[in-house]
Amino acid sequence: MAARSTRTPERFGLDRLATPIGIALLVTDADGALRALDWDDYGHRMRELLRLHYGAVDLRERSAPVAMKAALSDYFAGNLAQLSSIAWRIAGTPFQQEVWTALAKIPVGTTMSYGALAAKIDKPKAIRAVGHANGSNPISVVLPCHRLIGADGSLVKYGGGLERKRWLLRHEGVEV
């Protein structure tokens, strides 16, 4: 017989925010830190990432902090610097966390290749691993995985769809 986990599920709040590119799902913890941001039409992917990072998760309807929603709304309205004011907390492997922390340092209005990010974290041969970690990023937009592009400058993979990636980059002033 398989052993059952006696671990209490992580309890998070779930809220929604209308944006120009769809309904954003906001998952926050009891302290008001953002734990996940994904798109309503990719809710299944978000729940799977939460399960992979936290194990059992109990999502309950709860308003995200007003300041967080205001910062996100301001970003989508054109005040691009607002993302840095959002408190976030992530779970993942040490390598994933290293990649995600490096994502947060890519300036608005710029892009970087997967290889350049691998080199930036002193793991120049870990290009594919960087790609996998980027694809497991639970906090879309705030940890700007959309700013990673192919070595040839092409738009490649985005968990929320390439049209959203294109919109986000153009919104930030990147010609794509």
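For reference, positions follow the sequence shown, starting with 1.
A distance of 10.5 Å separates NE2 in His132 from OH in Tyr114, rounded to the nearest 0.5 Å. Summarising the geometry, atom CZ belonging to Arg128 is positioned 15.0 Å from atom CG belonging to Asn134; distances are rounded to the nearest 0.5 Å. For the atom pair OG (Ser113) and CG (Asp152), the distance works out to 10.0 Å, reported to the nearest 0.5 Å. Rounded to the nearest 0.5 angstrom, Ile90 CD1 and Ser136 OG are separated by 11.5 Å. We find the NE2-CG distance between His146 and Leu155 to be 11.0 Å, quoted to the nearest 0.5 Å. Taking OG1 from Thr28 and CD1 from Ile86, the interatomic distance works out to 12.0 Å, rounded to the nearest 0.5 Å.
In the hydrophobic clustering (ILVMFWY side chains linked at under 4.5 Å, chained through shared members), Met46 is joined by Phe12, Leu14, Leu25, Val27, Leu50, Tyr54, Val57, Leu59.
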Q.
What verdict does the side chain to side chain contact (heavy atoms under 4.5 Å, CB included) test give for Gln96 and Asn137, after you've listed the backbone C-alpha separation in whole Å, the side-chain angles of each residue and the deciding distance to 0.1 Å?
A. CA-CA 8 Å; Gln96 287 173 326; Asn137 170 18; over 6 Å; no

Q. How far apart are the C-alpha atoms of Trp88 and Leu37, what are their side-chain angles, what is the distance that settles it, and do they pass the side chain to side chain contact (heavy atoms under 4.5 Å, CB included) test?
A. CA-CA 10 Å; Trp88 51 271; Leu37 187 160; over 6 Å; no

Q: Apply the test salt bridge (charged side-chain N to carboxylate O under 4.0 Å, His left out) to residues Arg11 and Asp29: give CA-CA distance (whole Å), side-chain angles for both, the deciding distance (0.1 Å), then the verdict.
A: CA-CA 7 Å; Arg11 187 170 286 170; Asp29 62 22; over 6 Å; no

Q | side chain to side chain contact (heavy atoms under 4.5 Å, CB included) evaluation trace for Arg166 with Arg170 | A | CA-CA 6 Å; Arg166 184 173 287 108; Arg170 285 182 178 155; 3.6 Å; yes

Q | Worked verdict on Ser140 versus Tyr42 for side-chain hydrogen bond (donor to acceptor under 3.5 Å, both in side chains) | A | CA-CA 11 Å; Ser140 176; Tyr42 287 88; over 6 Å; no

Q. Would Leu148 and Leu103 count as a side chain to side chain contact (heavy atoms under 4.5 Å, CB included) if you check the C-alpha gap in whole Å, the side-chain angles of each, and the deciding distance to 0.1 Å?
A. CA-CA 8 Å; Leu148 285 187; Leu103 283 175; 3.8 Å; yes

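Ion pairing between a basic and an acidic side chain is recognised when a charged N comes within 4.0 Å of a carboxylate O; Arg35 and Glu10 show no such pairing. A salt bridge does not link Glu48 to Arg45: none of the charged side-chain nitrogens sits closer than 4.0 Å to a carboxylate oxygen.
His53 and Gly92 make their closest contact through ND1-CA, 3.9 Å (heavy atoms, listed as atom of the first residue, atom of the second, distance). Summarising the geometry of Val108 relative to Arg147, their closest heavy-atom pair is CG2-NH2, 3.2 Å, with the distance given to 0.1 Å. Between Ala24 and Thr19, the shortest heavy-atom distance links the atoms CB-CG2, 4.1 Å. Residues Ala91 and Trp100 share a closest heavy-atom pair of O-CZ3, 3.4 Å. Residue Gly115 comes nearest to Ile127 through the heavy atom pair CA-CG1, 3.7 Å, listed as atom of the first residue, atom of the second, then distance. Nearest approach of Gly22 to Trp39, heavy atoms of both residues: O-CZ3, 3.8 Å.
Hydrophobic clustering places Ile149 together with Val176 (ILVMFWY residues linked when any side-chain heavy atoms are closer than 4.5 Å, directly or through intermediates). Each of Leu49 and Leu143 belongs to its own hydrophobic cluster when Ile, Leu, Val, Met, Phe, Trp and Tyr are linked at side-chain heavy-atom distances under 4.5 angstrom. Grouping the Ile, Leu, Val, Met, Phe, Trp and Tyr side chains by contacts below 4.5 angstrom, directly or via other members, places Val174 with Leu162. In the hydrophobic clustering of ILVMFWY residues, with side-chain heavy atoms under 4.5 Å counting as a link, Ile106 and Val156 come out together.
Between the Thr101 side chain and the Glu98 main chain, no donor and acceptor come within less than 3.5 Å of each other. With hydrogens and angles ignored, the 3.5 Å screen pairs a side-chain donor or acceptor of Lys165 with a backbone N or O of Lys157. Although no hydrogens or angles enter the test, the distance criterion places no donor-acceptor pair under 3.5 Å between the side chain of Arg51 and the main chain of Arg47.
A 6.0 Å sphere centred on NZ of Lys123 holds more than 12 heavy atoms belonging to other residues, nucleotides or ligands.
Looking at heavy atoms from C-beta onward, Glu61 lies in side-chain contact with Arg16 at the 4.5 angstrom threshold. Using a 4.5 Å cut-off on side-chain heavy atoms (C-beta onward), Ile23 and Leu17 make no contact.
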Sequence neighbours excluded and cut-off under 3.5 Å, please list the side-chain donor-acceptor pairs for residues 65-80, or say none.
{"from": "Lys69", "atom 1": "NZ", "to": "Asp15", "atom 2": "OD2", "distance (Å)": "2.9"}
{"from": "Ser73", "atom 1": "OG", "to": "Lys69", "atom 2": "O", "distance (Å)": "3.0"}
{"from": "Tyr75", "atom 1": "OH", "to": "Glu172", "atom 2": "OE2", "distance (Å)": "2.6"}

